[in-house]
Amino acid sequence: MSETIYVGADIGGTAIKVGVCNAVGDLLQTYEGPTESSHGADRIVDNIVKYVRHIVDATGFAWDQVGGVGVGIAGFLDIPNGIVKFSNNLNIRNVPLRQQLEEKLGVTVKVNNDANVAALGEAWAGAGRGIPNCVCYTLGTGVGGGVIINGRIYEGFGGMAGELGHVSIVPDLEAIQCTCGMTGCLETVSSATGIIRMAKDAVARGDKTSLALVPDIMAKEVIDAAKAGDEVAARIVNRAAFYLGKSMAATAVMLNPQRFIIGGGVAKAGDFLFDQIREVFAKYTQEQAKEGVEIVAATLGNNAGVVGAAGLILRS
């Protein structure tokens with residue numbers, strides 16, 4: 001009996017990454033090509049089709065071995081119907097992506113939010129492999145999230161479950177408005193963007209910090225300064241970790257996951273950040289909800305999206 005393979009496509013603003021996985025989530029091969037979103041939705045769809053067919057051919061599998069194609073994309077989606085209602089990254093609206101791809105490829109297609117897909121990748125074949133219940137945070141420009149229950153993405157009513165970055169957790173006296181329109185979102189303090197904003201605010205206030213000498217402050221510079229003993233930078237990182245830990249404490253009593261997985265660029269801070277998060281989590285989480293719970297780093301890196309997209313066929 002021939003092996004069944006699953007293809008994932010991670011759609012970014014500039015590039016589309018596709019990959020082939022086997023039934024246990026091992027990534028066999030990847031390929032990347034330009035999105036060409038400036039040419040409109042039809043070009044994006046055609047490129048997905050082209051790259052998917054290319055990767056299957058390149059790996060030497062027959063087309064009848066393809067069990068399905070999963071797609072991860074940033075934006076507002078009608079997940080059950082596979083419709084991209086709006087994607088700012090791609091500047092497209094109301095695209096019936098699943099229908100169009102199924103017509104062109106002749107296989108089952110599933111479409112989901114990019115954060116959910118990255119979470120599924122880690123749960124299926126990364127830091128959550130073998131763990132049926134886990135919650136994933138991605139700390140990048142924003143704070144993405146995904147909830148995995150019994151090995152499957154939990155989407156909720158309307159597909160909005162797992163928007164962990166938009167939990168309003170910062171008290172009103174300290175809160176600022178988030179890009180989503182709400183105030184006090186986790187994303188405003190625990191994303192790379194939030195860390196940079198707090199650092200620039202500190203410099204503008206005249207706080208005594210080595211960051212005042214940095215011409216273009218990035219999150220890495222803030223974390224490095226904190227590790228080197230800069231008190232202002234340390235307070236910023238501590239604040240980011242504090243609200244992450246409190247967010248996990250709230251999530252733990254609602255969902256009781258076995259593992260929290262943290263990925264994204266900010267997570268490269270390693271145990272310097274993770275130990276602070278773990279300390280806050282232990283302090284604010286009810287005893288039974290934290291027993292045996294782990295907070296670990298993601299392991300798939302930039303491949304999480306393409307692996308998770310492939311996993312949509314089996315685990316969504």
Between Tyr51 and Val306, is there shared hydrophobic-cluster membership here, with clusters defined by ILVMFWY side-chain heavy atoms closer than 4.5 Å? no
Do Ile148 and Ile153 come within less than 4.5 Å of each other through their side chains, counting heavy atoms only? yes
ring-ring contact (aromatic ring centres under 6.0 Å, His included) contacts touching residues 233-259 (sequence neighbours left out): Phe242-Tyr284
Looking only at heavy atoms, the pair that brings Leu211 and Glu221 closest together is CD2-O, 3.8 Å
Evaluation steps, side chain to side chain contact (heavy atoms under 4.5 Å, CB included), between Asp46 and Lys104: CA-CA 9 Å; Asp46 287 344; Lys104 291 175 181 287; 3.5 Å; yes
Shortest non-hydrogen contact from Ala233 toward Val222: CB-O, 3.4 Å
Specify the closest pair of heavy atoms between Val237 and Ala226, including all atoms of both residues, with the distance to one decimal. CG2-CB, 3.9 Å
Rounded distance (nearest 0.5 Å) linking atom CD1 of Ile79 with atom CZ of Arg98: 11.5 Å
Non-hydrogen side-chain atoms of Val66 and Val52 separated by less than 4.5 Å: no
Residue set satisfying side chain to side chain contact (heavy atoms under 4.5 Å, CB included) with Asn91, at least two apart, ordered chain then number -> none
So, for His166 and Cys180, which heavy atoms are closest and what is the spacing to 0.1 Å? ND1-SG, 3.4 Å
Whether Glu122 side chain and Ala127 backbone form a donor-acceptor pair below 3.5 Å: yes
Worked check of side chain to side chain contact (heavy atoms under 4.5 Å, CB included) between Thr4 and Gln65: CA-CA 5 Å; Thr4 300; Gln65 291 178 266; 5.9 Å; no
Step by step, work out the side chain to side chain contact (heavy atoms under 4.5 Å, CB included) result for Ile277 and Ile262. CA-CA 11 Å; Ile277 296 169; Ile262 307 176; 3.8 Å; yes
Would Asp201 and Arg205 satisfy salt bridge (charged side-chain N to carboxylate O under 4.0 Å, His left out), going step by step from the backbone distance to the final call? CA-CA 6 Å; Asp201 286 349; Arg205 284 194 305 268; 5.3 Å; no
Are Ile11 and Leu77 linked, directly or through other ILVMFWY residues, by side chains that come within less than 4.5 angstrom of each other? yes
So Val7 and Leu105, side chain to side chain contact (heavy atoms under 4.5 Å, CB included) or not? Walk me through it. CA-CA 12 Å; Val7 183; Leu105 292 170; over 6 Å; no
When rounded to the nearest 0.5 angstrom, what distance separates CD1 in Ile223 from CE in Met218? 11.0 Å
Residue pairs passing the side-chain hydrogen bond (donor to acceptor under 3.5 Å, both in side chains) test where at least one lies in residues 18-27, sequence neighbours excluded: Asn22-Asp26, Asp26-Arg129
What do the steps show when you test Lys220 against Asp224 for salt bridge (charged side-chain N to carboxylate O under 4.0 Å, His left out), and what is the final call? CA-CA 6 Å; Lys220 183 181 185 301; Asp224 288 346; 2.7 Å; yes
Whichever hydrophobic residues join Phe157 through chains of side-chain contacts under 4.5 Å: none
Straight-line distance of Leu90 CG to Glu36 CD, nearest 0.5 Å: 12.5 Å
Check the surroundings of atom CD in Glu294: do more than 12 heavy atoms from other residues, nucleotides or ligands lie under 6.0 Å from it? yes
Quick check: do Val135 and Leu255 have side-chain heavy atoms less than 4.5 Å from each other? yes
Quick check: do Lys17 and Asn303 have side-chain heavy atoms less than 4.5 Å from each other? yes
Can you tell if the side chain of Thr179 reaches within under 4.5 Å of the side chain of Glu187, non-hydrogen atoms only? yes
Which heavy atom of Gly130 sits nearest a heavy atom of Pro132, and at what distance? O-CD, 3.5 Å
Any idea which heavy atoms bring Val147 and Gly162 closest together, and the distance? CG2-CA, 4.0 Å
Ignoring hydrogens and angles, tell me if any N or O in the side chain of Glu102 forms a donor-acceptor pair with the backbone of Gly106 under 3.5 Å. no
CD1 of Ile295 to CG of Asp271: how many Å apart, nearest 0.5 Å? 11.5 Å
Applying ring-ring contact (aromatic ring centres under 6.0 Å, His included) as the test, list every pair that has at least one member in residues 53-85; sequence neighbours left out. Tyr31-His54
Going by the angle between their ring planes, with limits at 30° and 60°, are Phe260 and Phe281 parallel, tilted or perpendicular? perpendicular
According to a hydrophobic-cluster definition based on side-chain heavy atoms being under 4.5 Å apart (Ile, Leu, Val, Met, Phe, Trp, Tyr only), do Val24 and Leu314 belong together? no
Taking the side chain from Ser190 and the backbone from Ala240, do they hold a donor-acceptor pair closer than 3.5 Å? yes
Hey, is the main chain of Ala282 close enough, under 3.5 Å, to the side chain of Lys290 for a donor-acceptor pair? yes
According to a hydrophobic-cluster definition based on side-chain heavy atoms being under 4.5 Å apart (Ile, Leu, Val, Met, Phe, Trp, Tyr only), do Leu164 and Ile261 belong together? no
Decide whether Ile149 and Trp124 are clustered together by the hydrophobic rule: side chain heavy atoms of Ile, Leu, Val, Met, Phe, Trp, Tyr closer than 4.5 Å, transitively. no
Side chain Thr35, main chain Gly12, donor-acceptor under 3.5 Å: yes
Would Gln288 and Asn256 count as a side-chain hydrogen bond (donor to acceptor under 3.5 Å, both in side chains) if you check the C-alpha gap in whole Å, the side-chain angles of each, and the deciding distance to 0.1 Å? CA-CA 9 Å; Gln288 284 71 34; Asn256 191 213; over 6 Å; no
Are any side-chain N or O atoms of Arg315 and backbone N or O atoms of Gly151, one a donor and one an acceptor, separated by less than 3.5 Å? yes
Side chain of Glu291, backbone of Glu287: donor and acceptor closer than 3.5 Å? no
Would you list the pairs meeting side-chain hydrogen bond (donor to acceptor under 3.5 Å, both in side chains) in which at least one residue belongs to residues 226-237, sequence neighbours left out? Thr209-Asp230, Ser210-Asp230
Given 3.5 Å as the limit, does a donor-acceptor pair link the side chain of Arg152 with the main chain of Ser316, or not? yes
Rounding to 0.5 Å, atoms OG1 (Thr188) and CD1 (Ile195) come to a distance of 11.0 Å
If you define the side chain from C-beta out and look only at heavy atoms, does anything of Val189 sit under 4.5 Å from Met198? yes
How about Val45 and Leu101: do any of their side-chain heavy atoms sit closer than 4.5 Å? yes
Is it true that Tyr137 and Ser247 share a donor-acceptor pair across their side chains at a distance under 3.5 Å? yes
Give, for atom OG of Ser87 and atom CD1 of Ile73, the distance between the pair rounded to the nearest 0.5 Å. 4.5 Å
pair Thr285-Met248: side-chain heavy atoms closer than 4.5 Å: no
